[in-house]
**Student:** 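Below you'll find the structure I mean.
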Amino acid sequence: MIEVWHADILHSLSPQKMLYLKDGYLWVRSGKIEQVSKDPPLEKHRLYDFRGKLLIPGLIDTHTHLPQFALRGLGKHALLPWLREYILPEECKFADASYAEKIAYAFFESIIAQGTTTVCAFLTSHRKAAEIAFQVAEKLGLRAFLGLTLMDRRGPKALLRSPKEALKDCLYLIDKFHAREKLQFVVSPRFALSCSPQMLSMAGKLSQENNLLLQTHLSENFHEIDETRKAFPEAKSYTEVYYRYGCLHDKTLLAHCLHLSEQEIKLIQKQKASCVHCPASNGFLMSGIMPLQKLRRSKLNISLGTDVAAGYHLGLLPEMRLAIESSKLWAYWLNQEASAYPPLKPAEALYLATLGGAKALHLHDKLGNFLPGKWADFIILNDNTLAAPKEELSCEERLSRLLYCHPGTVELAAVEGTVIYERTGK
Ligand code: GUN
Ligand code: ZN
């Protein structure tokens, strides 16, 4: 039977353009969007009444780390010592399957409760812990794109694998989980510094031969960039390291991208890779401010990521607000070019967290807004408690108010029309 959701419906059509229908109806048949309309269908239907609440596409977090969930808000404010002293020792604990399971539940439950219905995340280098993460995600019903972290140098022995061992584990996980319902396997070299040329070549080849997404980190921190130059003298730039070894292609997601040269931007554009903006993390580790408007002007696809535990939460709604605020800081305070680089608008932030993410994952024909035929992945937000009467607000104003004043009001989340989260004690 057709299911119909009655609410104020808002989604992105393009980076600047949103569609807003107050008191609208979202029709869902067999997990897919049939249409958004002003009236309910004439045929028999099941009606879900969320009048006065905001219904938007499920949010898409395109970069975070499951095994770092317990370390949010802790540690030093510099990437490499933070990794060495806090993060890598924590990741070693995932040799213990019961710990891996406990954190996987806590991580996915928290992410869903904050309105994310699709997540792309790094795991650790433990095969068993990776299997557990896929199984827990499947059980909870969200879309999860997960990758075994690949590293063969500069880390504790317990996390290092040779390219041969890592390939074997990747193939095992691909065979068992990739494209199983809402799951995907993502090839995940941690970053250039933790990989030998052989490991990067293996990752590049594996992703290209199997048409898999590849995720990694790029140009996050000045010290990291210097060390990468020393470790890969054969490459002209950090970005070129990934290009040389086959890791820079149209299914690549590059987290951070803070300190890129013009040549590096051109190379990313040529290869059609996506950049993932992680504003909370960039602030927490004092890594820098993303030149978001500049990258967008260079026609790079950009999406959003929470990057836990350098990011201190799993919420993409607060991350949208931080993306707007960091775009102001970059344009006004670093460049004094306010008029040339206007700050990100709430509509553009919504695009980054929905359709931009879908594009990075190569799923924009199936995900990211409410065009007919797409999967019915959506969330319902309750902004009723705001003081100003919401009837008087334009949709831009209503979204802005929500991002700035009430980022934690997710009432329900659905994936392919199936409710996977409902807030208790409403
Ligand atoms: N670079 C390499 N590994 C990591 C990580 O775990 N977090 C962040 N923020 N950057 C990284
Ligand atoms: Zn990261």
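Side chains are part of it too, since the values below use all heavy atoms of this structure and drop only hydrogens, waters and symmetry mates. Each ligand, and each atom within it, is numbered from 1 in the order the structure gives. All values reported here derive from a predicted model rather than from experimental measurement.
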**Student:** Are side-chain heavy atoms of Phe378 and Ile9 found at a separation under 4.5 Å?
**Tutor:**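 Not touching, per the 4.5 Å side-chain cut-off.
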**Student:** So is there a nitrogen or oxygen of Glu91 less than 3.5 Å from a nitrogen or oxygen in ligand 1?
**Tutor:**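 In this structure, Glu91 places no N or O atom under 3.5 Å from an N or O of ligand 1.
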**Student:** Determine whether His217 and His63 satisfy the following criterion, side chain to side chain donor-acceptor pair (under 3.5 Å), listing intermediate values before the conclusion.
**Tutor:** CA-CA 9 Å; His217 298 84; His63 180 85; 3.1 Å; yes
**Student:** Can you tell me which residue and heavy atom of the protein come closest to atom 7 (N) of ligand 1, and the distance to 0.1 Å?
**Tutor:**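 Ranked first by proximity to atom 7 (N) of ligand 1 is Trp82 CZ3, 3.5 Å.
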**Student:** Find the distance between CG (Leu88) and CZ (Arg154) and round it off to the nearest 0.5 Å.
**Tutor:**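 Leu88 atom CG to Arg154 atom CZ measures 12.0 Å (nearest 0.5 Å).
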**Student:** Is Gln68 close to ligand 1, meaning an N/O of one under 3.5 Å from an N/O of the other?
**Tutor:**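 Indeed, backbone or side chain, Gln68 has an N or O that close.
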**Student:** A quick test of your reading: do over 12 heavy atoms of other residues, nucleotides or ligands sit less than 6.0 Å from CZ of Phe222?
**Tutor:**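 At most 12 heavy atoms, drawn from other residues, nucleotides or ligands, come within 6.0 Å of this atom.
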**Student:** If you draw the axis of the six-membered ring of Tyr421, does the NZ or CZ of Arg423 fall within 45° of it and under 6.0 Å from the ring centre?
**Tutor:**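 The answer is no, since Arg423 fails at least one limit relative to Tyr421.
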**Student:** With under 30° as parallel and over 60° as perpendicular, where do the rings of Tyr238 and Tyr242 fit, or are they tilted in between?
**Tutor:**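 Tyr238 and Tyr242: tilted rings.
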**Student:** Test of understanding: given a 4.0 Å heavy-atom threshold, classify the contact between Leu193 and ligand 1 as side chain, backbone, both, or neither.
**Tutor:**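 Contact part for Leu193 vs ligand 1: neither.
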**Student:** Taking 4.0 angstrom as the limit and counting only heavy atoms of Asp307, give me the atoms of ligand 1 inside it, by number and element.
**Tutor:**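 This gives 8 (C), 9 (N) as the contact atoms.
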**Student:** Need the ligand 1 atom indices (1-based, order shown) with element for anything under 4.0 Å from a heavy-atom of Leu83.
**Tutor:**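 Those of ligand 1 that fall under 4.0 Å from Leu83 are 2 (C), 3 (N), 4 (C), 5 (C), 6 (O).
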**Student:** Run through Lys32, Arg143, Lys374, Lys366 and flag the one making a salt bridge (charged side-chain N to carboxylate O under 4.0 Å, His left out) with Glu416.
**Tutor:**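 Testing each of Lys32, Arg143, Lys374, Lys366 against Glu416, the sole residue satisfying salt bridge (charged side-chain N to carboxylate O under 4.0 Å, His left out) is Arg143.
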**Student:** Atoms of ligand 1 less than 4.0 Å from His65 heavy atoms?
**Tutor:**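 Going through ligand 1 atom by atom, the ones under 4.0 Å from His65 are 5 (C), 6 (O), 7 (N).
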**Student:** Decide yes or no on salt bridge (Lys or Arg N to Asp or Glu O under 4.0 Å) for Glu90 and Lys93, but give the supporting numbers first.
**Tutor:** CA-CA 5 Å; Glu90 173 69 11; Lys93 293 191 198 164; 2.9 Å; yes
**Student:** Can you tell me if an N/O/S atom from His217 lies under 2.8 Å from the Zn ion (ligand 2)?
**Tutor:**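 For His217, the answer is yes, given that an N, O or S atom comes within less than 2.8 Å of the Zn ion (ligand 2).
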**Student:** Where does the angle between the aromatic ring planes of Tyr245 and Phe232 fall among parallel (under 30°), tilted (30 to 60°) and perpendicular (over 60°)?
**Tutor:**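 Tilted: the ring planes of Tyr245 and Phe232 meet at 30° to 60°.
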**Student:** Please list the nearest protein heavy atom to atom 3 (N) of ligand 1 with its residue and the distance rounded to 0.1 Å.
**Tutor:**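 The protein heavy atom lying closest is Arg190 NE, 2.9 Å.
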**Student:** Report the member of Glu90, His217, Arg154, His256 with the shortest heavy-atom distance to atom 1 (N) of ligand 1.
**Tutor:**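 Considering heavy atoms of Glu90, His217, Arg154, His256, the nearest to atom 1 (N) of ligand 1 sits in His217.
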**Student:** Please list, in number order, the atoms of ligand 1 under 4.0 Å from a heavy atom of Ala310.
**Tutor:**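 Result: 9 (N).
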**Student:** Any atoms of ligand 1 less than 4.0 Å from a non-hydrogen atom of Leu79? List them with their elements.
**Tutor:**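 Counting atoms of ligand 1 from 1, those under 4.0 Å from Leu79 are 8 (C), 10 (N), 11 (C).
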**Student:** Salt bridge check, Glu101 against Lys128: does any charged N sit closer than 4.0 Å to a carboxylate O?
**Tutor:**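 The answer is no: the pair does not qualify as a salt bridge.
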**Student:** Tell me which protein heavy atom sits closest to atom 10 (N) of ligand 1, plus the residue, atom name and distance to 0.1 Å.
**Tutor:**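 Going by distance alone, atom 10 (N) of ligand 1 is nearest to Glu220 OE1, 2.8 Å.
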**Student:** Within rounding of 10°, what is the angle whose vertex is the Zn ion (ligand 2) and whose arms end at NE2 of His63 and NE2 of His65?
**Tutor:**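 Answer comes to 110°, rounded to 10°.
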**Student:** With the Zn ion (ligand 2) as the reference point, give the N/O/S atom of Asp307 that is nearest.
**Tutor:**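 The Asp307 atom nearest to the Zn ion (ligand 2), restricting to N, O or S, is OD1.
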